[in-house]
Asks: 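Have a look at the structure that comes next, please.
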Amino acid sequence: MVLDALGKSLRGVLQKIARGSVVDEALLAEVVRDIQRALLQADVNVQLTLELTQRVRKRATEEKPPAGASLRDFLVRIIYEEIRGILGKDRPFELKPRKILLAGLFGQGKTTTAGKLARYFQKRGVRVGLVAADIHRPAAIDQLEQLAKKVGCEFYADRAERRAEKIVADALARFPPHLAILVDTAGRSGIDADLIEELKRVRAVLQPDETILVLDAAMGQAAGRSAQAFHQAVGLSGVILTKLDGSAKGGGALSAVAVSGAPILFIGTGEHLDDLERFEPTRFVSRLLGMGDIQSLLEHFEELSNKEAAEKAAKNLMGGRFTLRDMRTQLESLGQMGPFSKLMSMMPGLGAAKIDEAKLDDTQKRLRRFRTILDSMTPQELDDASLLKADRIHRIARGSGQRPQEVRALLKHFESTRKAAHGLASNRRLRRQLEKQLGTEAPAE
Ligand SMILES: Nc1nc2c(ncn2[C@@H]2O[C@H](COP(=O)(O)OP(=O)(O)OP(=O)(O)O)[C@@H](O)[C@H]2O)c(=O)[nH]1
Ligand SMILES: [Mg+2]
C-alpha cells in the first residue's frame with residue numbers, strides 16, 4: 001500500500017480516539033498534534049497541514065454530533081472529511097475508445113505509464129493503439145514498442161519522421177477503428193517554449209479527449225507547481241502521479257497536485273505493467289485510514305441526520321410545539337417512511353396526501369408550492385408563525401413567485417395541523433400508543 005507510513009500514523013490516531021476514555025480537550029489536542037506530525041512527515045505543506053488541523057479542532061469543539069452518534073465517531077468522521085478534502089475531487093474516467101495525450105518532463109514515467117494505461121484499457125475490454133510520438137529519443141520508441149508487444153495492443157511509430165504531429169496524423173489514419181489511442185510524447189528538462197509548441201501541434205492534430213500530465217511523486221510538493229504550470233500552458237484534464245511506491249513524500253505530491261485543480265486520475269505504484277491504480281480520493285482515504293467500515297459509519301451518519309430532524313419535528317408535534325419549520329421537515333420527509341411520515345399517516349386528515357390516490361397529483365403539486373413558500377420565509381418566521389401578517393405574507397408571496405392566497409392556504413393548513421396535533425397531544429392513550437410505535441420518549445411538557 002502506498003503512503004504506508006502516513007496510513008499507519010493516521011490509523012494510530014483513530015485507535016487513540018477509540019481507546020481514550022473520553023473525548024475531551026486533552027485528547028483532542030493530542031489527536032491534532034499527531035495528525036500534524038503525520039501529515040508533515042508525508043511532506044504535506046505546512047500551511048495546508050495547519051489549516052486542516054485547525055478545522056478539525058474547531059469543528060470538533062463547535063459542531064454537535066447528530067443525535068444517536070457518539071462524539072468519538074463524530075471526531076473520526078471530521079478527520080476523514082478533512083483529509084478527504086485536501087485530495088481533490090473524485091472524477092470518473094471513461095473506459096471506451098477515445099484519444100489520450102500523455103505529457104510530462106524528462107524521466108517522470110510517461111512511456112511506462114502509456115504501457116500501463118494500455119494494459120488497463122485492454123484488460124477491461126477496450127482495444128488500444130499506442131503511438132510513439134517521442135521523436136527526440138530513438139530508444140523511447142523501442143521502449144514503447146516492447147511495452148505494446150507485452151500488452152498485445154496496436155502500435156505505430158515512424159523512426160524516420162521528425163515531426164511528432166505527422167506521426168500522430170499517420171497513426172490516426174492507419175489504426176483500425178474503435179481503439180483507445182494513447183500518445184506518448186517526448187520529455188524535456190523543464191517547461192520550455194519548444195515543449196509547449198510541440199504539445200500544441202500534436203494536440204491540434206490529435207484533438208484529444210484527455211490531456212494527462214505524468215508526474216513523479218518523488219517531486220513532493222514541487223509536483224504541485226509543475227502541475228499548475230502545465231495546466232496553465234496546455235490545459236490538463238488530469239494528472240497521473242507515478243512512483244508513489246518508492247516515495248515517502250507522496251502525501252505532499254498528492255495534496256499539492258490536488259490544489260492545482262487538475263484531478264489525479266491514476267497513481268503508479270511500481271515498475272510493472274500492472275502497477276497502476278485508479279485514484280479516487282474517497283476510496284483512497286478510506287483505505288488509508290484503514291476503514292473498510294468507514295463507509296458504513298458514514299452511511300450511518302447520513303441516516304442519523306435525516307432522522308434527527310424528523311424525530312425532532314415529531315416530538316414538537318406531540319408536545320404541541322409544532323412550527324412552520326417542523327412543517328417543512330414534514331414535507332421533506334413525505335414519501336420516506338421515517339418516523340415522522342409514519343406519524344403523519346396515522347393522523348386523521350394529515351395522511352390524506354398519501355392515501356387519496358385520485359388527488360395525489362394535485363396534492364403533490366400543492367406540497368411543492370408549499371415548500372417553495374416555506375423556503376422564502378426567514379428563520380424567525382419559521383419559528384414563529386404569528387409574525388406572518390399581511391405585509392410579510394405579500395413579501396413571501398413575491399419571493400416565492402406565488403399568490404398571497406396560496407401563502408394564506410399554507411398558513412391554514414399549518415394551523416389545522418397544529419390543532420390536530422394539540423388534540424393528539426392531549427389524548428394520552430393515543431399518544432402513548434404512538435410513542436411506542438415511534439420508539440420516541442415522551443417530550444417534556
Ligand atoms: N517504482 C516505480 N518506477 C516507475 C514508475 N513509473 C515509472 N517508473 C520508472 O521510471 C523510469 C522512467 O520511466 P519512463 O517511462 O521511461 O519515463 P519517461 O517520462 O517516459 O522518460 P523520458 O521519455 O526519458 O522523458 C523507468 O525506470 C520506470 O521503470 C512507478 O510507478 N514506480
Ligand atoms: Mg519516455
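The first residue of the sequence shown is numbered 1, and numbering continues consecutively from there. Counting starts at 1 for both ligands and their atoms, in listed order.
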Asks: Do the side chain of Gln122 and the main chain of Arg119 share a donor and acceptor less than 3.5 angstrom apart?
Replies: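 No, the answer is negative, given that no donor and acceptor are paired below the 3.5 Å cut-off.
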
Asks: So do the side chains of Val46 and Leu50 get within less than 4.5 Å of each other, counting heavy atoms only?
Replies: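 In contact.
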
Asks: Between Gly270 and ligand 1, is there a nitrogen or oxygen pair with a distance under 3.5 Å?
Replies: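 Yes.
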
Asks: Report yes if some N/O of Asp184 lies less than 3.5 Å from some N/O of ligand 1; otherwise report no.
Replies: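 For ligand 1, there is no N or O atom that lies under 3.5 Å from one belonging to Asp184.
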
Asks: Under 3.5 Å, is there a donor on one side chain and an acceptor on the other for Arg37 and Ser9?
Replies: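 There is no such pair (donor and acceptor under 3.5 Å, judged by atom type) between the side chains of Arg37 and Ser9.
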
Asks: Quick one: which of Val128, Val151, Ile240 gives a side-chain contact (heavy atoms from CB on, under 4.5 Å) with Leu117?
Replies: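 Single side-chain contact (heavy atoms from CB on, under 4.5 Å) partner of Leu117 among Val128, Val151, Ile240: Ile240.
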
Asks: Within ligand 1, which atoms have a heavy atom of Gly268 less than 4.0 Å away?
Replies: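 Checking each atom against Gly268, I get 31 (O).
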
Asks: Is the shortest N/O to N/O distance between Thr242 and ligand 1 below 3.5 Å?
Replies: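 It does not: no N or O of Thr242 is found under 3.5 Å from an N or O of ligand 1.
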
Asks: Would you check the N or O atoms of Asp275, main chain and side chain alike, for any that come under 3.5 Å of an N or O of ligand 1?
Replies: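 So ligand 1 has no N or O lying under 3.5 Å from an N or O of Asp275.
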
Asks: In terms of the angle between their ring planes, are Phe266 and Phe93 parallel, tilted or perpendicular, with boundaries placed at 30° and 60°?
Replies: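 Phe266 and Phe93: perpendicular rings.
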
Asks: Would you please determine whether Gly107 falls within less than 4.0 Å of ligand 1 on a heavy-atom basis?
Replies: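 For ligand 1, residue contact (heavy atoms, under 4.0 Å) with Gly107 is present.
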
Asks: State, without any angle test, whether Asp326 and Thr323 hold a side-chain donor-acceptor pair at a distance under 3.5 Å.
Replies: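 On atom types as modelled, these side chains qualify, holding a pair under 3.5 Å.
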
Asks: Does a side chain donor of either Gln232 or Gln228 reach within less than 3.5 Å of an acceptor in the other side chain?
Replies: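 Note: Gln232 and Gln228 side chains miss the donor-acceptor criterion.
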
Asks: Starting from atom 17 (O) of ligand 1, find the nearest protein heavy-atom neighbour and note its residue, name and distance.
Replies: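 Here the nearest protein heavy atom works out to Gly109 N, 2.9 Å.
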
Asks: For ligand 1, does Arg188 get within less than 4.0 Å through its side chain, its backbone, both, or neither, judged by non-hydrogen atoms?
Replies: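 Neither part.
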
Asks: Answer yes or no for Gly104: is there a heavy-atom contact with ligand 1 below 4.0 Å?
Replies: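 Outside the 4.0 Å threshold, so no.
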
Asks: Can you tell me the protein heavy atom closest to atom 11 (C) of ligand 1 and the distance?
Replies: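 Minimum-distance protein heavy atom for atom 11 (C) of ligand 1 reads Lys243 NZ, 3.9 Å.
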
Asks: Say whether, by atom type as modelled, one donor and one acceptor occur between the side chain of Arg203 and the main chain of Val234 under 3.5 angstrom.
Replies: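 Yes, because the side chain of Arg203 sits within donor-acceptor range (under 3.5 Å) of the backbone of Val234.
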
Asks: Using a 4.0 Å heavy-atom cut-off, say whether Thr113 meets ligand 1 through its side chain, its backbone, both or neither.
Replies: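 Neither; no heavy atom under 4.0 Å.
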
Asks: What protein heavy atom lies closest to atom 23 (O) of ligand 1? Include the residue and the distance to one decimal.
Replies: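 Of the protein heavy atoms, Arg137 NH2, 3.3 Å lies nearest.
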
Asks: For ligand 1, does Asp245 get within less than 4.0 Å through its side chain, its backbone, both, or neither, judged by non-hydrogen atoms?
Replies: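 It is the side chain that touches ligand 1; the backbone stays farther off.
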
Asks: At less than 2.8 Å, would any N/O/S atom of Thr111, backbone or side chain, sit next to the Mg ion (ligand 2)?
Replies: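 Here the distance criterion (N, O or S atom, under 2.8 Å) is met by Thr111, so yes.
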
